[in-house]
Amino acid sequence: MATGPGSTRARFVVVGGGVAGVTCTEQLAGLFPSDDILLITASPLIKAVINFKQVSRTLEEFEVEERPTHMLEEHYPNVKVIQSAVRGLDAAQHKLHTEEGKEYIYEKLCICAGGRPKLIVKGNPYVLGIRDTDSAKEFQSRLARAKRITVVGNGGIALELVYEIEGCEVIWAIKDEAIGNTFFDAGAAEFLIPQLKADKPEATLPCKRTKYTTEGLEQEKESAAEDGALGSALGPDWHEGMKLKGTKQISHRVHVEYQCAIDKIYLQEEFVSSQKTSLAFPKNVSEEIKGKIDEETWPVYVQLTNGKIYGSDLIVSATGVIPNVEPFVANNPFDVAEDGGLKVDEQMHTSVPDIFAAGDVCTVSWEPRALWQQMRLWTQARQMGYYAAKCIAAEMSGESIELDFCFESFAHVTKFFNYKVVLLGNYNGQGLGTDHELLLRCTRGQEYVKTVMQNGRMKGAVLIGEADLEETFENLILNQMDLSAYGEDLLNPNIDIEDYFD
Ligand code: FAD
């Protein structure tokens with residue numbers, strides 16, 4: 001690592017210690033063992049992918065370990081980790097500036113700065129976003145004193161939250177007609193809804209997803225909280241081992257308000273002086289229809305676009321993320337996508353020379369393969385970090401490489417409401433127009449299997465429960481075999497479909 005007066009020079013610089021940045025750094029370290037690689041990250045802990053397993057051609061499983069930065073340096077002698085936030089970039093000069101006033105000069109840069117929660121309002125002390133370990137802990141401690149909270153949003157975080165929270169009434173406001181719209185259709189939502197009303201099982205199903213290992217890292221975390229650092233995003237199972245419990249002696253108590261958004265938020269004083277009334281938590285359908293007036297006073301109130309008002313102790317804003325692009329885009333000619341991400345091409349290259357990007361901070365601007373779509377997920381962060389390192393290596397030798405196979409077809413395995421959920425290809429009929437049809441198989445409380453068919457070909461699938469069909473369906477989606485002859489027998493539980501196609 002060459003150091004001039006006041007500046008450090010490294011061949012490769014990666015910004016961000018989340019899954020994308022760490023995977024990219026590890027790959028670069030392996031590809032260029034005699035070159036210096038600098039990882040600059042605002043968080044004192046980095047996220048390492050461990051026990052990676054390619055379950056099938058596109059489905060993968062791994063665990064994520066939060067580690068102190070020195071572990072990466074010990075493993076890769078050519079890697080140095082700088083714990084500091086990047087405050088500015090001078091792309092023409094190939095220079096980064098950190099908050100400590102230091103300057104770093106790169107030959108190739110990969111930006112993996114992730115994103116932060118999109119808050120419905122800024123600066124309201126009762127509105128919380130969950131992104132990293134610290135914000136999750138703050139939420140946990142505030143929930144411990146709460147009788148009722150409002151959750152806004154219908155993505156993965158909201159879904160996990162409303163299921164996990166116990167001992168607290170939850171008003172869940174979603175803009176769609178059904179829960180979990182990002183991940184599945186109304187049928188799957190119907191299948192899952194009873195779980196919100198049932199008591200949670202004591203022992204949960206064995207976890208199929210990535211897990212955090214955070215034991216023994218309390219000290220580092222505390223100092224992170226003091227620094228107010230930009231932490232890495234949480235991911236699957238972020239709530240495991242974390243008690244999400246309010247003050248009431250109840251299991252689930254969730255009331256969903258469909259097709260609405262937040263119209264206005266009132267603090268207690270403002271609400272009281274407005275002389276408006278709020279609604280009590282509906283205990284049954286008739287209370288929901290009649291709309292009982294709430295006698296209690298709450299710290300904060302939400303007025304929904306459907307006119308209803310509810311009071312609560314806290315509002316959780318789970319409405320997606322905003323890519324952390326600000327320190328990079330100021331004064332540099334980046335193409336920024338509508339969703340705020342840095343646009344990347346098929347080589348993970350941004351619009352600025354020698355700068356690549358991966359993970360939540362970037363937006364794919366290539367024409368994606370018909371069966372793939374970008375989603376800001378842990379698996380895609382890993383895949384992009386890995387592929388970006390290969391693209392950087394290719395550019396160093398003046399070549400370009402073929403798009404990685406992982407971008408051929410969308411594949412994600414997760415867990416919602418204690419069920420294993422596998423999503424494949426155009427699982428919600430994305431981009432298929434209206435001439436597709438759905439095949440369904442559903443056993444209440446056990447499994448929900450849906451395939452999306454077009455011209456006799458399988459374009460996508462949703463598997464909830466232990467259907468164990470993911471590998472067969474993945475193959476059928478990837479090879480686009482004509483399945484017209486099988487008709488509805490494709491999902492006939494009496495036919496061992498695996499034997500048919502394997
Ligand atoms: P991040 O993990 O956000 O890492 C960004 C890194 O950049 C951090 O280390 C940060 O400190 C650093 N950084 C930021 N700005 C700067 C700067 N200016 N200078 C230096 N460093 C900087 N995904 C799933 O697949 N399944 C799930 O079930 C799931 N659940 C989730 C639940 C929650 C509560 C949250 C918040 C996310 C969830 N996700 C889930 C999403 C997943 O966690 C993210 O997609 C993934 O972690 C993104 O990785 P990343 O490396 O791109 O960004």
Side-chain angles (χ1 to χ4, degrees), residues 51-62 183-185 187-188 191 206 208-210 236 346 364 367-375 377-380 382-384 386-387 401-416 419-433 435-443 446-502:
N51 297 333
F52 175 79
K53 204 167 85 193
Q54 192 74 45
V55 186
S56 62
R57 284 163 78 191
T58 53
L59 277 171
E60 53 187 53
E61 277 179 9
F62 52 85
F183 293 98
F184 32 70
D185 58 9
F191 173 84
K208 302 264 178 204
R209 302 181 299 148
T210 43
E346 272 201 36
V364 162
E367 190 55 52
R369 301 290 193 262
L371 298 165
W372 186 86
Q373 63 270 341
Q374 182 181 11
M375 279 181 84
L377 295 169
W378 203 321
T379 30
Q380 292 198 0
R382 192 205 68 78
Q383 292 165 341
M384 286 180 174
Y386 175 84
Y387 178 58
I401 51 171
E402 250 185 59
L403 192 65
D404 198 277
F405 186 73
C406 66
F407 302 109
E408 282 299 317
S409 180
F410 180 87
H412 187 57
V413 54
T414 185
K415 202 169 77 172
F416 287 127
Y419 287 103
K420 176 180 173 183
V421 175
V422 179
L423 306 168
L424 297 170
N426 303 324
Y427 59 88
N428 245 351
Q430 301 95 322
L432 296 182
D435 70 331
H436 62 274
E437 51 176 15
L438 307 178
L439 290 183
L440 270 184
R441 176 170 109 196
C442 177
T443 313
Q446 265 185 34
E447 61 160 25
Y448 176 91
V449 178
K450 178 186 89 173
T451 61
V452 181
M453 311 295 294
Q454 192 173 46
N455 302 325
R457 267 102 183 151
M458 194 183 289
K459 298 291 177 183
V462 176
L463 306 169
I464 305 180
E466 296 294 329
D468 211 19
L469 287 167
E470 50 269 36
E471 247 187 288
T472 310
F473 283 3
E474 178 193 52
N475 284 333
L476 295 176
I477 291 169
L478 284 169
N479 65 27
Q480 288 296 287
M481 184 176 164
D482 188 352
L483 302 164
S484 320
Y486 301 93
E488 292 188 2
D489 271 348
L490 205 56
L491 294 190
N492 185 339
N494 300 317
I495 295 178
D496 198 346
I497 183 178
E498 278 174 79
D499 285 353
Y500 250 108
F501 296 110
D502 278 351

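Remember, it's a predicted structure, so these values are computed and weren't measured experimentally. All residue numbers in this chain count up from 1 along the given sequence.
Side-chain contact check for L483 versus L476: some heavy-atom pair is nearer than 4.5 Å. Inter-residue side-chain proximity for L424 and M458 is flagged as unmet; no heavy-atom pair is nearer than 4.5 Å. Residues V364 and M384 have side chains in contact (heavy-atom distance under 4.5 Å, counting atoms from C-beta outward). L371 is listed as a side-chain neighbour of N426, based on a closest heavy-atom distance under 4.5 Å. At a threshold of 4.5 Å between non-hydrogen side-chain atoms, the residues Y448 and L463 do not count as touching.
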- [ ] Apply side-chain contact (heavy atoms from CB on, under 4.5 Å) to V462 and V422, showing your working.
- [x] CA-CA 6 Å; V462 176; V422 179; over 6 Å; no
Open item on the list: Go through it in stages, so that I can follow the logic: the residues are K420 and E470, the test is salt bridge (charged side-chain N to carboxylate O under 4.0 Å, His left out), and I'd like the CA-CA distance, side-chain angles, deciding distance and then a yes or no.
Closed with: CA-CA 11 Å; K420 176 180 173 183; E470 50 269 36; 2.7 Å; yes
- [ ] Would you sort out whether L438 and M453 count as a side-chain contact (heavy atoms from CB on, under 4.5 Å), showing the intermediate values?
- [x] CA-CA 6 Å; L438 307 178; M453 311 295 294; over 6 Å; no
Task: Residues T58, F405; criterion side-chain contact (heavy atoms from CB on, under 4.5 Å); working and verdict - done: CA-CA 8 Å; T58 53; F405 186 73; 3.9 Å; yes
TODO: Decide yes or no on side-chain contact (heavy atoms from CB on, under 4.5 Å) for V421 and V413, but give the supporting numbers first.
DONE: CA-CA 6 Å; V421 175; V413 54; over 6 Å; no
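Aromatic ring centres of F183 and F416: separated by under 6.0 Å. Taking the six-membered ring for Trp and the full ring otherwise, W372 and F407 have centroids separated by under 6.0 Å. Checked against a 6.0 Å centroid threshold, the rings of F191 and Y419 count as neighbours.
Checked options F473, F184, F410; the residue passing with Y427 is F410 (criterion: ring pair (Phe, Tyr, Trp, His ring centres under 6.0 Å)). Checked against K459 for a side chain to side chain donor-acceptor pair (under 3.5 Å), the options H436, Q480, Q454 give a single hit: Q480.
Summarising the geometry, atom CD1 belonging to I464 is positioned 10.5 Å from atom CD belonging to E447; distances are rounded to the nearest 0.5 Å. Here the CD-CD distance, from E488 to E437, works out to 8.0 Å after rounding to the nearest 0.5 Å. A distance of 6.5 Å separates CG of L423 from NE2 of H412, quoted to the nearest 0.5 Å. To the nearest 0.5 Å, atoms CZ (R382) and CD (E60) are separated by 4.0 Å. Rounding to the nearest 0.5 angstrom, the gap separating the CZ atom in R369 from the SG atom in C406 is 11.0 Å. The line from CG of L439 to OG1 of T451 is 4.0 Å long, rounded to the nearest 0.5 Å.
Formation of a donor-acceptor pair under 3.5 Å by the D185 side chain with backbone atoms of A188 is found in this model. Side-chain atoms of Q430 come within 3.5 Å of backbone atoms of N428 as a donor-acceptor pair (strictly under, hydrogens ignored). In terms of modelled atom types and a separation under 3.5 Å, the side chain of Q380 and the main chain of Q373 share a donor-acceptor contact.
Between E474 and L59, the closest heavy-atom pair is OE2-N, 3.4 Å. Across every non-hydrogen atom of S409 and I477, the tightest pair is OG-CG2, 3.8 Å. When all heavy atoms of S484 and G456 are compared, the pair lying nearest together is OG-CA, 3.6 Å. The heavy-atom pair separating S56 from E471 by the smallest distance is CB-CG, 3.5 Å.
E61 and Q54 form no side-chain donor-acceptor contact under 3.5 Å, judged by distance and modelled atom types alone.
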